[in-house]
Amino acid sequence: MKAIIATQAGGPEVLEICDVNEPMTEQGEVKIRVKAFGLNKAETYYRNGAFGTLNAERAPGIEAAGEIMEDPSGTFQVGDKVVTAMGGMMFVRHGSYAEIITVNKSNVQRINSNIDYVTLAALPELYLTAWGALDKTLNIQAGETLLIRGATSGLGLAALTYAKARGLTVIATTRQTNNVERLTALGADHVVIDDGSISEAVRTLYPTGLDKALEVVGASTVVDTMKTLKSWGEVTVVGLLGGAPVIENFGLMSDLPSSVKLSFFQSGMLGTEALPLDASPLNWIADQVMNGSMPNITAQVFNYDEIRQAHALMDSNKAIGKIVVKAH
């Protein structure tokens, strides 16, 4: 089969389409023919060597949309439309940049929607992470106010469109004024320009504070984000855009407002017993995107042999939305 391999650490030019052996389906796994996959920053970190030694026989990629080729357990039927995310893809097994992959059955969800594979491929990693952070960690409810700090990131856009579909009022932040129109078009009720300190601007809009906050930037801004919340408000950190996930000299009394809850959600939980994929709302999300009730956040679609161009676009940080690659 064909697979895209990072032959050495470096830029997009190190990605090559190679012939590799098709994986065997082990117990507890299913085999999937990949139809399309989304790109993630994790793959660029892997490609440039940030995760350590590269495996010249293993394809990168942490999510895919495709169809079932084989399931020894009988849980899925051959031809079932599915998505998969995480579960050791790229690190201990072929990732989604391969034509055929085997993945843990618990990291697979059947999709009943008529949504096409390319549109579907933009959803798994972003919306499953948004679900874990917003529903499972923050327990969002219709009518609440939600701050999304770092809203132009892929995860920020997914969280924005999902929260709006769930009936929340969303305050989105961006560092660039030219992103305001895009965020407003996707449903943001307010857009705040982030100069590193937004709490005063948010408090001007909502003097008593907000209910919930999703912190995509990370440690560098979370102390300021907590200042936007009302008593008993909650913030969960999901991103590391602002650097290492460490807050120096963090004072529980001086920096953590009384009664405000601070948590961290990591997408590595997806597919575990604590967060099984079959409990996710991804089928509902797929239907919402297909019928136009939720915006499609795909930024650009590339062919399989254009993987270097796709990675170059991701490296440029100029794509406001999800980059998708068609495998077939």
Side-chain angles (χ1 to χ4, degrees), residues 1 3-4 20 22-43 45-46 51 55 58-113 115 117-137 154-155 158 162 238 264-286 322 324-325 327:
M1 68 173 187
I4 295 167
V20 299
E22 180 179 324
M24 303 293 291
T25 310
E26 305 290 343
Q27 186 172 358
E29 297 179 342
V30 299
K31 183 176 287 189
I32 297 172
R33 182 178 300 281
V34 176
K35 295 289 190 177
F37 55 87
L39 298 195
N40 297 276
K41 282 292 186 182
E43 290 122 46
Y45 300 151
Y46 174 85
F51 291 149
N55 186 322
R58 185 182 300 142
I62 59 173
E63 64 174 329
E67 63 180 21
I68 294 291
M69 296 178 64
E70 185 177 279
D71 178 11
S73 74
T75 303
F76 297 96
Q77 303 301 310
V78 173
D80 276 354
K81 181 189 295 183
V82 294
V83 295
T84 184
M86 305 302 289
M89 294 170 65
M90 182 167 77
F91 297 105
V92 299
R93 61 180 70 238
H94 273 309
S96 52
Y97 291 21
E99 289 183 315
I100 297 170
I101 56 176
T102 56
V103 298
N104 293 329
K105 186 175 64 174
S106 59
N107 285 82
V108 178
Q109 185 171 12
R110 182 186 287 109
I111 299 297
N112 302 314
S113 170
I115 191 171
Y117 282 108
V118 172
T119 306
L120 178 61
L123 306 182
E125 178 67 18
L126 293 182
Y127 283 93
L128 288 169
T129 303
W131 162 63
L134 296 180
D135 281 328
K136 306 300 285 185
T137 311
L155 179 54
Y162 180 61
V238 289
F264 181 77
F265 175 75
Q266 194 170 22
S267 61
M269 288 185 69
L270 295 171
T272 64
E273 289 186 10
L275 201 62
L277 259 60
D278 58 11
S280 90
L282 207 56
N283 265 297
W284 178 80
I285 292 168
K322 190 74 172 181
V324 174
V325 174

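Here E29 contributes atom CD and T102 contributes atom OG1; the two are 4.5 Å apart, rounded to the nearest 0.5 Å. Note that the CD atom of Q109 and the CZ atom of F76 stand 8.5 Å from one another [nearest 0.5 Å]. Separating the CD atom in Q77 from the CG atom in D71 is a distance of 8.0 Å, to the nearest 0.5 Å. Atom-to-atom distance recorded for S113:OG and L282:CG is 9.5 Å, nearest 0.5 angstrom. From N107, atom CG reaches atom CE of M89 across 8.5 Å, with rounding to the nearest 0.5 Å. Residue S280 holds its OG atom at 10.5 Å from NZ of K136, rounded to the nearest 0.5 Å.
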| Steps toward side chain to side chain contact (heavy atoms under 4.5 Å, CB included) verdict (Y117, V34) | CA-CA 9 Å; Y117 282 108; V34 176; over 6 Å; no

| query | What's the verdict on salt bridge (Lys or Arg N to Asp or Glu O under 4.0 Å) for E26 and R93, showing C-alpha distance, side-chain angles and the deciding distance? | reply | CA-CA 12 Å; E26 305 290 343; R93 61 180 70 238; over 6 Å; no

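F265 places none of its side-chain heavy atoms less than 4.5 Å from the side chain of L134. Taking 4.5 Å as the limit, some side-chain heavy atom of I62 sits within range of a side-chain heavy atom of E43. At a threshold of 4.5 Å between non-hydrogen side-chain atoms, the residues I32 and I100 do not count as touching. For the pair P23 and M1, the minimum side-chain heavy-atom distance is below 4.5 Å.
For the residue pair T75 and S73, the shortest heavy atom distance occurs at OG1-OG, 2.9 Å. Of all heavy-atom pairs spanning V108 and L277, the tightest one is N-CD2, 3.9 Å. Between F91 and R58, the closest heavy-atom pair is O-NH1, 2.5 Å. Heavy-atom minimum distance, E63 versus F37: O-CB, 3.4 Å. Between T25 and K31 the shortest heavy-atom distance is OG1-CE, 3.3 Å. Minimum interatomic distance between I101 and G95 (heavy atoms only, all atoms of both residues): CG2-O, 3.2 Å.
For R33 (side chain) and G66 (main-chain N/O), no donor-acceptor pair under 3.5 Å exists by modelled atom type. Looking only at distances, no side-chain donor or acceptor of T84 sits under 3.5 Å from a matching main-chain atom of A64. Checking side-chain atoms of T137 against main-chain N and O of G132 turns up a donor-acceptor pair under 3.5 Å. In this structure a side-chain-to-backbone donor-acceptor pair under 3.5 Å is present from N283 to N112. Not one N or O on the side chain of K322 forms a donor-acceptor pair closer than 3.5 Å with the backbone of G154.
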Please tabulate, one pair per line, all N/O donor-acceptor pairs under 3.5 Å involving side-chain atoms of residues 121-131, not counting sequence neighbours.
{"from": "E125", "atom 1": "OE2", "to": "S267", "atom 2": "OG", "distance (Å)": "3.0"}
{"from": "Y127", "atom 1": "OH", "to": "T161", "atom 2": "OG1", "distance (Å)": "2.6"}
{"from": "T129", "atom 1": "OG1", "to": "E125", "atom 2": "O", "distance (Å)": "2.6"}

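By the side chain to side chain contact (heavy atoms under 4.5 Å, CB included) test, A59 pairs with A3, I5, H94, Y97, A98, sequence neighbours left out.
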